[in-house]
Amino acid sequence: QVQLVESGGGSVQAGGSLRLSCATFGSTYSIYCMGWFRQAPGKGREGLASFDSDGITTYADSVKGRFTISRDNTKNTLFLQMNSLKPEDTAMYYCVADFRRVVCTPDTVLPGKNYWGQGTQVTVSS
């Protein structure tokens, strides 16, 4: 089992940057796939980026080239560097951890038979 705590959200103007962090606690050594998804008011959940145990990363088209996912294993922390932010990036952002040996993609890191945190709010103004 694992606990996830996101932080780093806030309010920025369009074109700005934020770095989200996800601290993990518990059986972190068994995590196979981690990632980020977001949910905006009135919209569905959107998988953004994934990071598997081999260090392979994948991104949704909507954030490719602007967002970078990374993981610091020594600190058991997952990051999401977000650059060139747009108003449509406004949402609650969540990190996900999966112990299953799934195909680790942005679609996989949507909540289901995995673990996710309480989220951190990102607001981008025009």
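Sequence positions, counted from 1, serve as the residue numbers for this chain.
Here the straight-line distance linking atom OG of Ser53 with atom CG of Asp98 works out to 11.0 Å at 0.5 Å rounding. To the nearest 0.5 angstrom, Leu4 atom CG is 4.5 Å from Cys95 atom SG. Note that the OH atom of Tyr94 and the CG atom of Leu48 stand 12.0 Å from one another [nearest 0.5 Å].
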For residues 19-38, dump all side-chain donor-acceptor pairs below 3.5 Å to protein atoms at least two apart in sequence or in another chain.
residue, atom, partner, partner atom, Å
Thr24, OG1, Asn76, O, 2.7
Thr28, OG1, Asn76, OD1, 3.4
Trp36, NE1, Phe79, O, 3.3
Arg38, NE, Glu46, OE1, 2.8
Arg38, NH1, Asp89, OD1, 2.9
Arg38, NH1, Tyr93, OH, 2.8
Arg38, NH2, Glu46, OE1, 3.0

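Side chain of Asn114 to main chain of Gly112: a donor-acceptor pair is present (N/O by atom type, distance under 3.5 Å, no hydrogens or angles). Although no hydrogens or angles enter the test, the distance criterion places no donor-acceptor pair under 3.5 Å between the side chain of Arg45 and the main chain of Gln39. For the pair Thr120 (side chain) and Gly9 (backbone), a donor-acceptor distance under 3.5 Å is present. In this structure, Thr77 contributes its side chain and Asp72 its backbone to no donor-acceptor pair below 3.5 Å.
Shortest non-hydrogen contact noted between Ser70 and Phe51 is CA-CE1, 4.0 Å. The heavy-atom pair separating Ser84 from Ser17 by the smallest distance is N-OG, 4.3 Å. Of all heavy-atom pairs spanning Pro106 and Ala60, the tightest one is CG-N, 3.6 Å. Annotation for Val2 and Ala97: closest pair CG1-CB, 4.1 Å, computed over non-hydrogen atoms. Nearest heavy atoms, Phe99 versus Tyr115: CE1-CE1, 3.3 Å. Of all heavy-atom pairs between Leu18 and Val122, the closest is CD1-CG1, 3.9 Å.
A side-chain N or O of Ser50 and one of Thr58 form a donor-acceptor pair less than 3.5 Å apart.
With sequence neighbours left out, the side chain to side chain donor-acceptor pair (under 3.5 Å) criterion links Gln81 to Asn83.
With a 4.5 Å cut-off on side-chain heavy atoms, Thr68 and Leu80 do not count as touching. The shortest side-chain heavy-atom distance between Gln13 and Val124 does not fall under the 4.5 Å cut-off.
Val96 and Met82 fall into different hydrophobic clusters, defined by Ile, Leu, Val, Met, Phe, Trp and Tyr side-chain heavy atoms under 4.5 Å apart, directly or through other members.
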